[in-house]
Amino acid sequence: MAKDPIRILVTGAAGNSFSLITLISYFLLIGQIGYALVPMIARGVMLGPDQPVILHMLDIEPAMEALNGVKMELIDAAFPLLKGVVATTDAVEACKDVDIAIMVGGFPRKEGMERKDVMSKNVSIYKAQASALEKHAAPNCKVLVVANPANTNALILKEFAPSIPEKNISCLTRLDHNRALGQISERLNVDVSYVKNVIIWGNHSSTQYPDVNHATVITGSGEKSVKELVADDQWLKTEFITTVQQRGAAIIKARKLSSALSAASAACDHIRDWVLGTPKGTWVSMGVYSDGSYGIPSGLIYSFPVTCEKGEWSIVKGLKIDEFSREKMDATANELIEEKSLAHSCVN
Ligand code: LMR
């Protein structure tokens with residue numbers, strides 16, 4: 001029997017970068033992630049080839065014509081799984097009954113800007129969207145925040161939508177997780193699908209800590225430790241970490257736009273694993289509300305290694321943390337504490 005369609009909200013869905021609109025201060029678009037993401041969802045990349053979907057796309061008024069253009073393209077693509085498209089600038093209509101909300105819209109970071117620069121603009125956007133989601137989304141709606149500063153935007157959303165369970169609010173660090181897998185795969189010249197269990201700890205920012213201490217590569221003779229195969233601790237503790245930490249900035253520098261296809265693909269991976277489960281023996285990284293695990297203060301949205309089953313994530317417990325890791329995990333937590341207090345100071 002055919003499954004009922006799942007309603008998925010994508011904010012910032014028009015996804016263009018108009019020079020005119022970039023002049024407007026209240027501005028939801030972020031690069032082209034939304035434009036890359038909606039066809040992936042409609043094709044079944046996110047929820048599987050037998051799951052029909054209805055797309056809800058929200059953007060700001062100046063982007064409405066472009067948003068209608070995206071709707072026209074979605075119709076023209078004749079995706080068999082796509083059972084409806086709502087394209088709107090009205091947050092209430094956009095949030096109505098959605099089962100999954102992917103928050104791509106936010107004030108975008110430009111070359112040379114730090115996340116902190118965009119904080120106050122995003123606090124007001126996320127506060128407003130929290131209340132629309134809380135009132136109008138389906139009761140068990142899962143929320144993924146992609147727009148930067150993603151962890152803190154997600155925290156603001158959580159604080160202003162108290163009736164949404166904290167388990168249902170997350171932010172994207174799967175992009176960083178996938179970047180770490182990619183760097184190891186390149187270094188070892190092995191297929192990326194054989195590399196697993198890297199960890200991104202902390203903030204989706206340049207203080208994140210990409211950790212390979214527990215990562216392995218599947219080989220013909222069983223799983224081998226990434227550390228042993230790379231056999232270069234110096235590289236793992238320096239260049240590998242900074243490459244992953246700085247990858248977003250490197251892409252902005254090269255493209256003059258934020259990453260889009262990799263971010264959209266990571267958002268699909270994040271939701272797919274959350275809803276359908278992580279493969280046995282594999283964990284992924286998700287920004288989730290800290291329960292105090294690994295000494296990370298609760299009250300932060302922090303990226304942890306998680307496994308997912310039956311639509312619920314759980315933090316992987318009991319991993320051994322060495323001194324080097326401890327320092328890096330605390331540094332990124334401290335940045336999140338600062339971001340949180342900056343965000344609170346912007347709330348009006
Ligand atoms: C990325 O990681 O590619 C994005 O978050 C861009 C950014 O602002 O760093």
Side-chain angles (χ1 to χ4, degrees), residues 10-13 15-17 21-22 27-37 40 102-123 125-126 143-157 170-184 186 192 198-211 240-271 284-288 301-303 328 331-332 335-336 338-339 342-343:
V10 178
T11 69
N16 289 295
S17 277
I21 296 175
T22 54
F27 169 40
L28 282 179
L29 306 173
I30 185 164
Q32 303 147 314
I33 301 173
Y35 186 69
L37 180 59
M40 291 185 189
I102 305 173
M103 317 303 281
V104 177
F107 192 88
R109 185 170 78 127
K110 293 283 158 54
E111 189 178 353
M113 275 170 94
E114 277 304 315
R115 280 169 185 70
K116 284 169 189 157
D117 302 333
V118 297
M119 182 72 77
S120 69
K121 297 200 169 58
N122 282 303
V123 165
I125 293 170
Y126 277 81
V143 183
L144 166 62
V145 177
V146 175
N148 284 319
N151 302 53
T152 301
N153 287 342
L155 186 67
I156 292 297
L157 198 150
S170 65
C171 81
L172 188 72
T173 55
R174 183 62 174 269
L175 175 56
D176 312 290
H177 182 102
N178 289 349
R179 285 169 173 163
L181 295 177
Q183 289 303 308
I184 298 297
E186 292 275 298
V192 72
V198 297
I199 303 169
I200 303 299
W201 299 98
N203 199 0
H204 172 67
S205 77
S206 55
T207 67
Q208 66 177 265
Y209 170 42
D211 174 4
F240 164 73
I241 292 177
T242 50
T243 300
V244 177
Q245 288 174 330
Q246 302 290 340
R247 193 67 158 186
I251 287 166
I252 293 173
K253 190 157 189 290
R255 271 175 33 88
K256 313 294 174 221
L257 287 169
S258 295
S259 57
L261 79 88
S262 55
S265 178
C268 289
D269 289 345
H270 176 113
I271 297 287
V284 294
S285 302
M286 278 173 73
V288 295
I301 302 262
Y302 187 97
S303 180
K328 297 234 168 300
T332 189
E335 184 185 50
L336 283 168
E338 272 173 39
E339 277 189 16
L342 184 62

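In listed order, ligands and their atoms are each counted from 1. On a predicted model such as this, the values are computed, not experimentally measured, just so you know.
Applying the 4.0 Å criterion to heavy atoms of Gly248 picks out, from ligand 1, the atoms 1 (C), 2 (O), 3 (O), 9 (O). Near Leu175, with a cut-off below 4.0 Å to any heavy atom, the atoms of ligand 1 are 1 (C), 2 (O), 3 (O). Here is the list of ligand 1 atoms found below 4.0 Å of a heavy atom in Ser259: 1 (C), 3 (O).
Proximity of Gln208 to ligand 1, defined as any heavy-atom pair under 4.0 Å, is not found for any part of the residue. Contacts with ligand 1 closer than 4.0 Å are made by side-chain heavy atoms of His204 only, the backbone lying farther away.
Inspection of the Asp269 and Asn178 side chains reveals an N or O donor paired with an N or O acceptor under 3.5 Å. Under the 3.5 Å distance criterion, with hydrogens and angles disregarded, a donor-acceptor pair is assigned to the side chains of Arg255 and Gln32. Checked by atom type, the side-chain pair Gln208/Asn203 shows no donor-acceptor distance below 3.5 Å.
Checking Glu339, Glu335, His204 one by one against Pro149, the side chain to side chain contact (heavy atoms under 4.5 Å, CB included) holds for a single residue, Glu339. Checking each of Leu144, Val143, Asn151 against Ser170 for a side chain to side chain contact (heavy atoms under 4.5 Å, CB included) leaves exactly one that passes, namely Leu144.
The shortest N or O to N or O distance between Asp176 and ligand 1 is not under 3.5 Å. Residue Asn148 has at least one nitrogen or oxygen atom sitting less than 3.5 Å from a nitrogen or oxygen atom of ligand 1, judged on distance alone.
You'll find the side chain of Val288 stays beyond 4.5 Å of the side chain of Ile301, heavy atoms only.
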